[in-house]
Each structure stands twice: as C-alpha cells, then as structure tokens.
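Just below is one structure, and these are the notes that go with it.
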Number of protein chains: 2
Amino acid sequence: MQTTSPIENKVFQALADPSRRAIFESLTRGEAPVRDITARFSISQPAVSQHLAQLKDAGLVIGQKRGRSVYYRVRPEGLKPLIDWIAHYRAFWTDHLGQLENLLKELDP
Amino acid sequence: MQTTSPIENKVFQALADPSRRAIFESLTRGEAPVRDITARFSISQPAVSQHLAQLKDAGLVIGQKRGRSVYYRVRPEGLKPLIDWIAHYRAFWTDHLGQLENLLKELDP
DNA sequence: CCGATCTATAAGTATATGCTTATGGGTTGT
DNA sequence: ACAACCCATAAGCATATACTTATAGATCGG
C-alpha cells in the first residue's frame with residue numbers, strides 16, 4: 001500500500017504461512033538437509049524446496065550445499081525486520097498501556 | 001501444517017498484508033473512525049472495513065460504535081502471540097549466536 | 001561408468017486473497 | 001419523516017498462492 005520496506009514485506013509474508021513457520025521452527029533444532037525436512041512433514045519435496053526458497057529470499061534461512069545434500073539453517077538476524085517493526089512502536093505502547101514493557105521482560109529477563 | 005495456534009495464525013496472516021499493516025500502523029497515531037482511515041489510503045471503504053474485520057478477528061484492533069461512526073483503535077496485547085513466537089526461541093538464539101540479545105537491547109534499552 | 005540419490009525448477013491446478021461495485025441497516029440533522 | 005451520512009456485508013472478479021507431478025542437473029556408491 002505504501003511505505004513498507006521490501007525485506008519487511010518478505011519476512012512477514014514468509015512467516016504468514018503455517019507450513020513455512022513449521023519448517024523454520026523445525027530448523028531451530030539444528031541444520032538439516034532438505035530430505036530430512038521433507039520427512040518431518042506431509043508435503044512433497046518440491047513443496048518444501050519452494051518454502052525454503054521463500055524463507056531464504058526473506059533472509060530467514062541459508063542453505064549450504066554439501067555433496068548432494070543442501071543443509072539449511074536458521075539465520076537469526078533474519079528476524080531483525082520483525083523485531084524492528086515491533087520496536088518502532090515501543091514509545092506508543094509504553095505511553096498508552098505499558099503492556100509491551102511486561103511482554104519484553106519475558107524476552108529479556 | 002501442524003501445531004500452530006489459531007490465534008497465532010491469524011496474527012501472522014493479518015500482518016502479512018501491507019495494506020493491513022499500514023492501517024494498523026496508522027491507528028498507532030490514535031483511534032479513528034472508518035471514514036478517516038479510508039481517507040488515508042487509496043482503497044475503497046469496503047476494502048478498509050474488510051481489513052479492519054480481519055485485524056479485529058486477529059485481536060489486533062477493536063472497534064467501538066459511537067453514533068454512526070465506528071472508532072477503531074489498536075489493541076497492544078494483540079501483538080503478544082507475535083512476541084511469544086519470537087520469545088519461544090530465545091534460548092536457541094542466545095545459545096547459538098547471541099544475536100537476538102543485541103536486538104532485544106534495542107527494544108528494551 | 002551407471003544407477004541411485006538429492007535437490008531445484010517447470011508446468012499445471014485448485015483454492016485463497018484482495019479488491020471492486022452494489023446494497024441494506026443504523027444513525028443523525030432538518 | 002426524509003434525506004444524508006456511516007459502515008458492514010454480499011457478490012463477483014482477477015491475481016496470488018500453495019500444492020501437485022514431471023523432469024533435469026549434480027553428486028555419490030559400487
């Protein structure tokens with residue numbers, strides 16, 4: 001609609017799909033080749049590759065080719081746009097309700 | 001795909017659309033009736049109402065009828081699922097890279 | 001070298017999504 | 001009461017999206 005950075009868009013959109021979130025979350029347990037990721041879910045390997053491509057384009061994961069496998073792992077910095085987006089309204093939250101302050105304590109106790 | 005709470009899904013999906021993020025962000029400036037929100041963007045009033053309905057269903061905004069207007073405002077607690085989702089992996093972030101710690105300092109300085 | 005394995009990409013399809021115009025219900029001012 | 005206003009909802013449409021199967025390129029084991 002207007003002033004939204006492309007990367008921010010990509011991150012939000014990548015995480016909007018439950019399958020991609022599940023894949024992303026599963027990579028939290030550690031890097032894994034595509035075949036292993038595929039085995040964890042009930043969708044086809046191409047579907048997984050397509051999701052990974054989108055996560056990668058959003059900067060949320062990276063893939064490293066080793067032999068005939070491609071190992072994917074999470075890129076924590078990829079979440080920065082998401083965190084920045086929330087942080088952008090910190091002043092508002094605290095001024096109006098102070099609710100976020102409590103929530104943030106859960107994050108950084 | 002699997003174990004994703006419905007509300008979490010709704011929040012992520014609601015924020016995935018740039019128009020809805022823009023509307024949500026504009027409500028950060030304060031409550032506003034639908035007509036005012038509509039005036040801020042270049043989409044029709046029904047489109048705005050549909051976006052607001054989805055944001056409301058996700059718990060991100062609430063609407064209050066006053067006269068013939070409906071004033072919408074942000075519901076900060078609505079972002080909790082988003083923050084919880086990030087926080088859920090805090091241990092992972094800090095254990096592996098410690099990157100998120102720095103990011104969090106931006107949030108709660 | 002050859003068959004098997006691993007992954008990405010192409011092509012096709014069904015559904016979801018975001019928008020539009022049309023309309024109806026509710027509220028206000030005259 | 002009536003016209004104007006505000007909003008939500010219905011219906012329709014064009015595009016986006018998430019999946020499938022088919023396939024080709026790359027790599028490994030025997």
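Please read all numbers here as calculations on a predicted model, not as lab measurements.
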With heavy atoms under 4.0 Å as the rule, sort B/Ser69 into base, sugar-phosphate or nothing. sugar-phosphate
In whole angstroms, how far is the P atom of D/dA18 from the CZ atom of B/Phe12? 14 Å
If the cut-off is 4.0 Å, is B/Arg68 near the phosphate of D/dA4, judged by side-chain N/O to OP1 or OP2? no
Which nucleotide in D/dT9, C/dA8, C/dT27 has an atom nearest any side-chain atom of A/Val34: C/dA8
Does any part of the side chain of B/Lys56, heavy atoms only, come nearer than 4.5 Å to the side chain of B/Val61, both counted from C-beta? yes
Basic-acidic side-chain contact under 4.0 Å: B/Arg66, B/Glu31: yes
For the residue pair A/Arg20 and A/Gln54, confirm or rule out a side-chain donor-acceptor distance under 3.5 Å. yes
With a 3.5 Å cut-off and heavy atoms only, can you find an N or O donor on one side and an acceptor on the other between the side chain of A/Gln50 and the base of D/dT17? no
Choosing from D/dA22, C/dT7, D/dA18, which nucleotide comes nearest the side chain of A/Pro46? D/dA22
Across the strands shown, which category fits A/Tyr72 at heavy-atom distances under 4.0 angstrom: base, sugar-phosphate, nothing? sugar-phosphate
Please check the phosphate of C/dC6 (OP1 and OP2 only) for any side-chain N or O of A/Arg35 closer than 4.0 Å. yes
Between C1' of C/dC19 and CG of B/Asp17, the distance in whole Å: 11 Å
